[in-house]
Protein chains: 2
Amino acid sequence: MTRSEENYLKSIFHLAEDNTSVSTNALAKKMKIKASSSTEMIKKLSEKGHVYYKKYKGVKLTKKGRLAATSIVRKHRLWEVFLVDKLGFSWDEVHEVAEQLEHIKSSKLTDELDSFLNYPKADPHGDPIPDSNGNIIDSKRQVLANVSIHANCICIGVNDSSKFFLKYLDKFKIKLGTKITVLNREFYDSSMTVLINNKKTSISKEVSNNLYVEII
Amino acid sequence: MTRSEENYLKSIFHLAEDNTSVSTNALAKKMKIKASSSTEMIKKLSEKGHVYYKKYKGVKLTKKGRLAATSIVRKHRLWEVFLVDKLGFSWDEVHEVAEQLEHIKSSKLTDELDSFLNYPKADPHGDPIPDSNGNIIDSKRQVLANVSIHANCICIGVNDSSKFFLKYLDKFKIKLGTKITVLNREFYDSSMTVLINNKKTSISKEVSNNLYVEII
DNA sequence: ATAAATTTTTAGTCTAGTCTAAATATTAAT
DNA sequence: ATTAATATTTAGACTAGACTAAAAATTTAT
Ligand SMILES: [Mn+2]
Ligand SMILES: [Mn+2]
Ligand SMILES: [Mn+2]
Ligand SMILES: [Mn+2]
């Protein structure tokens, strides 16, 4: 499998973790390539048995394709943990490097890394780490925006791993494990007033929609 | 820089660490490609200022090319240390994986890795690790074959990092740090009798030529 | 139900990196 | 100093993966 093939499979997986059908265009958009290119690659992946493909009907991962995809995701997230826990990277610095490291081919490496890191369940952004069979335990996470008033919750993940969002969170001292108490929600703009580190803070809907929390 | 360009520079470096001229053919042989391919790439590297090239006269690294090459070697060897010291790989398993890891682009990663590993001076095969400026402290290593009789020495490296040789050494419990006393040398086949771990062992010239030692 | 807009595919082109076969230059041998 | 052998370069072809432009299918709007 080439690096390019791996990236296509990973993108298809991310666009449809539930294994619904992914359109040529959606894939092209996600990968920042032209639709004609994704059509081409889809054909090749179909030949190789990684996806089901019917012209004009989009594409779905096969068992084999899904396993390949989750293997990449597993490596990506394990490396992110490594970078943060062992090398002192911050959570907004790891993604680009993990994009490279995820393509290293050595199951021994992946498994030893997993062990070295003490079998982490989630990456630095709270995303679950698939096991080597492609299984993902997805704790039904909910978004802060949907939490009812007066609830106490803990930040357990982010829905947007962009530098911009992560640095915003850093500024407000919000990280995984941070306790958040919902005080109020504005009808007008869906902004929320919350208590973080014993400080009242106002949070826009963009932010509350991108924070995963667990009620306690 | 593409992965391929990096591999060419690394090969040129290994063929001539002393920066003598490398022939098209030697490069092709080392990289297991055809001479025509190396000619092509040499031209491109020359365009980009990584090598000096005069038709029919072979190729030499420029300052810039040498720095690029040593950067790859630095990464290769640091990753090998990581794999052995942190992930429990044996010294005959690390090379293929390091061949992939050496192409990861992130100077922060490389430098943090170096720090995490406690600034190792040599990789698991005793090869020196270049610093980030491309400087290599090469302790003038000598080969066991050249050591005089009755000398006491310590194994500090191997000249052949192939699985075959490394596994041979494992079988005889020879590793970096192992003390070797030279007892005798046969005129006929240049084989040596040596004392290793208090056991008399006979060693062929192939082996003694591939073991670097330090006299104590 | 047709027409318009959108999505998807096809056809043809480009670059990187490889190859084979042929041409040319260099080196070694007579 | 020629000739033979070897090394190197050139020419032309191939594949992977991208692109643009145009054709075809599908979806949406009238
Ligand atoms: Mn990531
Ligand atoms: Mn992540
Ligand atoms: Mn190596
Ligand atoms: Mn090594």
Side-chain angles (χ1 to χ4, degrees), chain A residues 1-16 19-61 64-65 68-69 72 96 99-100 102-105, chain B residues 1-16 20-61 64-65 68-69 72 99-100 102-105:
Chain A
M1 274 236 290
T2 66
R3 170 172 300 226
S4 191
E5 288 171 338
E6 290 183 342
N7 281 332
Y8 275 91
L9 293 179
K10 185 180 56 152
S11 293
I12 295 168
F13 175 76
H14 282 317
L15 287 170
N19 210 26
T20 51
S21 176
V22 171
S23 76
T24 301
N25 245 5
L27 185 53
K29 192 172 174 190
K30 171 121 188 158
M31 300 190 70
K32 297 171 202 281
I33 53 170
K34 292 297 141 78
S36 52
S37 306
S38 64
T39 300
E40 298 271 313
M41 182 57 93
I42 283 169
K43 280 185 197 165
K44 191 199 296 186
L45 291 172
S46 167
E47 296 285 304
K48 295 196 177 180
H50 286 111
V51 298
Y52 302 114
Y53 172 56
K54 271 281 175 185
K55 269 192 195 175
Y56 295 98
K57 294 303 172 192
V59 76
K60 262 184 212 192
L61 294 176
K64 186 175 161 195
I72 308 297
E96 293 100 313
E99 286 288 304
Q100 301 177 61
E102 71 189 5
H103 298 289
I104 304 294
K105 285 168 186 59
Chain B
M1 274 233 292
T2 67
R3 170 172 300 225
S4 190
E5 287 172 340
E6 290 183 343
N7 281 332
Y8 275 91
L9 292 179
K10 185 179 55 151
S11 293
I12 294 168
F13 175 76
H14 283 316
L15 286 171
T20 51
S21 176
V22 171
S23 77
T24 301
N25 246 5
L27 185 53
K29 192 173 174 189
K30 170 121 188 157
M31 300 190 71
K32 298 173 203 286
I33 53 170
K34 293 296 142 79
S36 53
S37 306
S38 65
T39 301
E40 298 271 313
M41 182 57 93
I42 283 169
K43 280 185 197 164
K44 191 199 296 186
L45 291 171
S46 167
E47 295 288 303
K48 294 195 177 179
H50 287 110
V51 298
Y52 302 111
Y53 172 56
K54 271 280 173 184
K55 269 192 196 176
Y56 295 98
K57 296 302 173 194
V59 75
K60 262 186 211 189
L61 293 176
K64 185 176 162 195
I72 307 296
E99 286 288 304
Q100 301 177 61
E102 71 189 5
H103 298 289
I104 304 293
K105 286 168 185 59

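Within every chain, numbering begins at 1; the chains are lettered A, B, ... in the order of the sequence lines, protein sequences first and strands thereafter.
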ask   = Are more than 12 heavy atoms from other residues, nucleotides or ligands located less than 6.0 Å from atom NZ of A:Lys30?
value = yes

Counterpart residues, side-chain contact (heavy atoms from CB on, under 4.5 Å), relative to B:Lys105 (two or more places apart) = A:Gln100, B:Glu6

ask   = Which part of the nucleic acid does B:Lys29 contact within heavy-atom distance under 4.0 Å: base, sugar-phosphate only, or nothing?
value = nothing

request  = Report yes or no: is there a donor-acceptor pair, N or O only, under 3.5 Å between the side chain of B:Ser36 and the base of D:dT8?
outcome  = no

query = What integer distance in Å separates A:Leu27:CG from C:dT9:C1'?
reply = 14 Å

task = Write down the distance between OH (B:Tyr8) and C1' (C:dA16), rounded to a whole number of angstrom.
result = 11 Å

inquiry  = Just the rounded figure in Å: distance from C1' of D:dT9 to CD of B:Glu40.
reply    = 9 Å

remark   = To the nearest angstrom, the NZ-P distance between B:Lys43 and D:dA11 comes to 8 Å

ask   = Roughly, in whole Å, what's the span from CG in B:Leu45 to C1' in C:dA16?
value = 13 Å

note = OG1 of B:Thr24 to CD1 of B:Ile42, rounded to nearest 0.5 Å, is 4.0 Å

Between N or O atoms, less than 3.5 Å apart, protein on one side and nucleotides 4-8 of chain C on the other: list the pairs.
residue, atom, partner, partner atom, Å
C:dT8, OP2, A:Asn25, N, 2.9

inquiry  = Could you tell me how far apart A:Met31 (CE) and D:dA18 (C1') are, to the nearest whole angstrom?
reply    = 11 Å

ask   = Quick one: is A:Ser4 getting a side-chain N or O under 4.0 Å of the D:dA18 phosphate, OP1 or OP2?
value = yes

key: Spacing of B:Ile42 atom CD1 relative to C:dT18 atom P, expressed in whole Å   = 12 Å

